[in-house]
Amino acid sequence: MLENQNQAEVLWPRLVANKLFRKPSGSNAFVADFPAVGGGAAEEFDGCSPDADAHRGIKRPRPQQRNKALKYRLFASTWNVGGVAPPDDLDLSDWLDTRNGAYDIYVLGFQEVVPLRARNVLGADKNRIGMRWNELVRAALNQSSPSPSPPGSHATGGGGEKQKVHPVRDGLGGELQSRDFRCVVSKQMVGILLTVWVRGDLRRFVRRPSVSCVGCGVMGCLGNKGAVSVRFWLRDTSFCFVCCHLASGGREGDEAHRNADATEILSRTSFPRRHSSPSPSSSSSSSSSSLGSPQKILDHDRVILLGDLNYRISLPEAKTRLLVERQDWKSLLENDQVVRPTPNII
């Protein structure tokens, strides 16, 4: 008890200062399968630099190939696990749809990977449980599975519907059927865990991964609520993924707290900015025209927000269920906190 009290006494002034100066929470360190090139800071990793490619003996694409539009399939999903540690034999294959075998990137957000007790919120980061989730993800993604179907073939989707499946190409002419997925970024803040995995052959095209954490919990700065954000470049496109756990509560007006959390996350999330000379093949003025990395969430080319947002239908449960039975979607949407008129949070 005394140890926890001492932790709180040490952390509290720093948390107050972070709130006053609107600083991100936590450190910029993250977990990945690959260390930074040259032993630099993790957020400065540039896995697609000419020097790094030369070191690995990788032949870079010619300028005309860089202008070619490439398509990748991305799987993004979120799960509030309720503070329950995963059993060692938990199989995530169904959740990750690994039997489909058609995804190139996986972005997985977890909430409450640790119980939201004072010891976990105020104490040092508890990453052991997060590592267990990562190992389960690794086992599911890299287990043996059928190769993607050839062009023109069909796979059965949900409800028995036939869906056309095309094998994904790496942009250099070769069909890829690898089941070798690697973690490029994994970051945990208290109970929020965001982990990103890519096909092993794509890893060399992932540049400058970095993270930013914003706590919106107790006093507006503790990490029991808030967001973990990850950004990186895949070839010439910047991506930002935001895993949120917003304020809970089902009383009238509680959605205002969720809106406030979203505003804080958008305003306080900040990534390291690095300036470099523009790509020789680029003529656009967009952010993708320069290797200098965007700093704010909405500055990126592609943004995906996921998580336990806690928004709900602002009606009594009995009435909500009745409207569902009647399939009165119009009335439900009119009372949906996500879509009904609210102050602009962006």
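When reading the values below, keep in mind they use all heavy atoms of this one structure, side chains included, and skip hydrogens, waters and symmetry mates.
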Flag yes if Leu323 and Trp329 sit in one hydrophobic cluster, no otherwise; membership is Ile, Leu, Val, Met, Phe, Trp, Tyr, and two members link when side-chain heavy atoms are under 4.5 Å apart.
yes
Check Glu135 with Arg138, please: is the shortest side-chain N to carboxylate O separation under 4.0 Å?
yes
Just by modelled atom types, is the Ser229 backbone N or O under 3.5 Å from a matching donor or acceptor in the Ser212 side chain?
no
Side chain Arg312, main chain Asn310, donor-acceptor under 3.5 Å:
yes
Would you kindly confirm whether Ile297 and Leu246 end up in one hydrophobic cluster when ILVMFWY residues are joined by side chain heavy atoms under 4.5 Å apart?
yes
Listed by chain and number, what are the salt bridge (Lys or Arg N to Asp or Glu O under 4.0 Å) partners of Glu325, not counting sequence neighbours?
none
For Trp95, what residues pass the ring pair (Phe, Tyr, Trp, His ring centres under 6.0 Å) criterion, not counting sequence neighbours?
Trp79, Phe110
Under a 4.5 Å side-chain heavy-atom rule over Ile, Leu, Val, Met, Phe, Trp and Tyr, are Phe232 and Trp197 clustered together?
yes
Indicate if Ile304 and Val228 have the same hydrophobic cluster label, given that clusters are the connected sets of ILVMFWY residues with side-chain heavy-atom separations under 4.5 angstrom.
yes
Taking atom CD1 of Ile105 and atom CG of Leu234, what is their separation to the nearest 0.5 Å?
5.0 Å
When you compare the side chain of Leu136 with that of Asp88, does any pair of heavy atoms fall below 4.5 Å?
no
Would you check if Val338 and Leu309 make a side-chain contact, meaning some heavy-atom pair closer than 4.5 Å?
no
As an exercise, state the distance from CG of Leu202 to CZ of Arg182, rounded to the nearest 0.5 Å.
12.0 Å
Under 4.5 Å between any side-chain heavy atoms of Phe239 and Val230, yes or no?
no
Between atom OG1 of Thr269 and atom CG of Asp299, what is the distance when rounded to the nearest 0.5 Å?
11.5 Å
With heavy-atom distances below 4.5 Å as the criterion, would you say the side chains of Leu108 and Trp133 are in contact?
no
Minimum heavy-atom separation for Ala247 to Asp261, with atom names?
N-OD2, 2.9 Å
Rounded to the nearest 0.5 angstrom, the CE-CG distance for Met189 and Asn224 is 8.5 Å
Less than 4.5 Å apart, side chain to side chain, heavy atoms only: is that true for Arg199 and Phe181?
yes
Looking at Arg302 and Thr237, what are the two nearest heavy atoms and their distance?
CG-CG2, 4.0 Å
Asp301 versus Ser238, side-chain donor and acceptor atoms under 3.5 Å
yes
Give a yes/no verdict on a cation-pi contact between Arg235 and Phe205, requiring under 6.0 Å between NZ or CZ and the six-membered ring centre and an angle within 45° of the axis.
yes
Can you find a side-chain donor-acceptor pair between Ser314 and Glu252 that sits under 3.5 Å?
no
Note: Gln111 and Gly307 closest approach over all heavy atoms is NE2-CA, 3.5 Å
Quick one, Leu92 and Val137 - any side-chain contact, counting heavy atoms below 4.5 Å?
yes
Taking Arg208 for the side chain and Trp233 for the main chain, is one N or O donor matched with an acceptor at less than 3.5 Å?
no
Please walk me through it: do Phe241 and Leu74 pass side-chain contact (heavy atoms from CB on, under 4.5 Å)?
CA-CA 12 Å; Phe241 302 98; Leu74 186 148; 3.6 Å; yes
Minimal non-hydrogen separation, Val242 against Ala227, with atom names
CG1-CB, 3.9 Å
Tell me if a side-chain donor or acceptor on Arg231 pairs with a main-chain N or O of Lys296 at a distance below 3.5 Å.
no
Is Val339 linked to Leu315 within one hydrophobic cluster, defined over Ile, Leu, Val, Met, Phe, Trp and Tyr using a side-chain heavy-atom separation of less than 4.5 Å?
no
Roughly how far, to the nearest 0.5 Å, is CE of Met131 from CG of Leu193?
10.0 Å
About how many Å separate CD of Gln143 and CZ of Arg99, when rounded to the nearest 0.5 Å?
7.0 Å
side-chain contact (heavy atoms from CB on, under 4.5 Å) for Asn80 and His245? Distances and angles first, verdict last.
CA-CA 9 Å; Asn80 185 325; His245 194 182; 3.9 Å; yes
Side-chain ion pair, Arg251 and Asp254, N-O less than 4.0 Å
yes
Which atom names give the shortest non-hydrogen contact between Tyr311 and Asn259, and what distance separates them?
OH-OD1, 2.6 Å
